[in-house]
Protein chains: 2
Amino acid sequence: MNPTSKKQPHEGIVLPAGKQKLIDAALRLAARDGMSLSSVGLREMAREAGLNHNTFYRHFQRPEELLQAAADEVAAQIMAGMKEVRRRAARHADATVGAVEYFLDFVQANPQIFVVFARELNCIASPIRAVLLGVLNGIADESVEQINARNLVPLKDPELLFQVSLDITNYLFARSLDLIDRPKERKQLAAQLVAHIRRQFLGAIASR
Amino acid sequence: MNPTSKKQPHEGIVLPAGKQKLIDAALRLAARDGMSLSSVGLREMAREAGLNHNTFYRHFQRPEELLQAAADEVAAQIMAGMKEVRRRAARHADATVGAVEYFLDFVQANPQIFVVFARELNCIASPIRAVLLGVLNGIADESVEQINARNLVPLKDPELLFQVSLDITNYLFARSLDLIDRPKERKQLAAQLVAHIRRQFLGAIASR
DNA sequence: TGTACATCAGTGAACGCGCGTTCACTGATGTAC
DNA sequence: TGTACATCAGTGAACGCGCGTTCACTGATGTAC
């Protein structure tokens, strides 16, 4: 097995090089305006990947399988990126400011992932939506863990803390599009996000 | 002019019957899974509207014009619906509970409008996104007006009040998809929305 | 009042094109003996 | 060690189909005189 012919995207899962190329191409094309994963054509995707259109059938039996694989790829990249955001934020003097800044770095380094994420999240009743909702829940879970471990918020009700963390996670992902749309206004956006997060926790504390 | 051949959708603007049929068909089709306004085909749309595919060219020069008209239709229906929500909420004993309940009624009466709204809101750099962001801003504006008129929230900072109202509006629209997805869980969702709104205002008050 | 003409929504046939899918093939790598 | 075979990613031609678009036409309504 030639090691350069494979790509190791995350968590040690190694996909055939062509399969990975097709998934990457699908994500690149789905991030374009007015597109979604399911509206990307098979031939277009193969063209973008630099492969013959029939190579698709070597890796996927039906187009639907590509959707699932792409959703998993998005989920894995988001989870890995957010883990790094949390790791760096932990070393920052202000946990909230750090989390927001490193999150925005992550968004700007991988805009297309966030664009696709936001789009597919709104596909009702789709299995992709379920995967992405699971990702948001996972991120909220891990945020709660970090908050508890470092005693960042004086909130005893674990359910309320989780709900607030989930709301904040949703908010950050929704507003990531504003950063991609108008990167020049990053500073104002960062201030808004920090203020929003502070308000959320203050409100949760006050509501008890 | 035959009055039954025309439809009066909103604000007294009367569109030719065929044009309105095409817009309605486009919205119906765009609300399906994995679809968006721009991915609806011209022939499919005409078929759905019960018209010849060429009739499209009688009303729109290019497909892009239909997108704009559909976005305007969505905007008008949302604005009108929210006005009604606010009017009914004002008569309710608890303004927050009333607003949430009547909002959820509105969502369930017009699910496809909310599905399309959520999807098109995430189309970066599209003129449709600008229209829909304007709608959200307008709704937040009018909420602020109502809050001030009835002295519902003790918040002096008008900018902060607007930001919180906008965040809440965004939250309501984002979570409208959960109601469409799982209508049986409406009661829990309503409780979550009310709690979220209360937390937001409490947090804003506490942050001053 | 009637007649002629312009306007306009809607129709149906025809076009070229890119799509998804199938088929038969290639060439490299791994495996059995 | 060499030889034969299986596996598998990738290729290229061909198919039928629905798409967007153009064209010439119809039939109803409104308008000028």
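Computed over heavy atoms, backbone and side chain alike; hydrogens, waters and symmetry mates excluded. Order of the sequence lines fixes the chain letters, A, B, ..., with proteins taken first and strands second; residue numbering starts at 1 for each chain.
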For a 4.5 angstrom cut-off between non-hydrogen side-chain atoms, does B:L136 reach B:F117? yes
Between [X] ([atom1]) and [N] ([atom2]), how many Å, whole number?
X     : N      : atom1 : atom2 : value
A:R58 : C:dT29 : CZ    : C1'   : 16 Å
B:L22 : C:dT11 : CG    : P     : 10 Å
B:E44 : D:dT21 : CD    : P     : 15 Å
B:Q61 : D:dG20 : CD    : P     : 18 Å
A:F60 : D:dA9  : CZ    : C1'   : 13 Å
B:N52 : D:dG18 : CG    : P     : 16 Å
A:L66 : C:dC19 : CG    : C1'   : 16 Å
B:K21 : C:dG10 : NZ    : P     : 7 Å

Between A:Q146 and A:L152 the two heavy atoms that sit nearest each other are O-CD1, 4.3 Å
Testing the basics here: between B:L37 and B:A26, what is the closest heavy-atom pair and its distance to 0.1 Å?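 Answer, listing the atom of B:L37 first, then B:A26: CD2-O, 4.0 Å.
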Dot-bracket notation for DNA chain C, counting Watson-Crick and G-U pairs under 3.5 Å, with | for partners on another strand: .||||||||||||||||||||||||||||||||
For the pair A:F114 and A:F103, name the ring-plane relationship: parallel under 30°, tilted 30 to 60°, perpendicular over 60°. perpendicular
Counting side-chain heavy atoms from C-beta on, which of D:dC23, C:dT22, D:dG20 comes nearest to B:N54?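 Output: D:dC23.
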Counting side-chain heavy atoms from C-beta on, which of C:dT11, D:dG20, C:dT21 comes nearest to B:L51? C:dT11
Can you tell me how far apart CE (B:M45) and CG (B:L29) are? Round to the nearest 0.5 Å. 7.5 Å
B:R88 side, atom CZ; B:F106 side, atom CZ - distance, nearest 0.5 Å: 11.5 Å
Looking across every strand, which nucleic acid part, if any, lies under 4.0 Å from A:R47 by heavy atom: base, sugar-phosphate, or nothing? sugar-phosphate
Using a heavy-atom cut-off of 4.0 Å across all strands, would you classify B:H53 as base, sugar-phosphate, or nothing? base
Can you tell me if the side-chain N/O atoms of B:Y57 get under 4.0 Å from OP1 or OP2 in D:dT22? no
Return whichever of A:F56 or B:G50 has its heavy-atom-nearest nucleotide of DNA chain C closer to the 5' end. B:G50
Do A:R43 and C:dT21 have a side chain to base donor-acceptor pair shorter than 3.5 Å? yes
Return yes if a side-chain donor-acceptor contact under 3.5 Å exists between A:E73 and A:Q77, otherwise no. yes
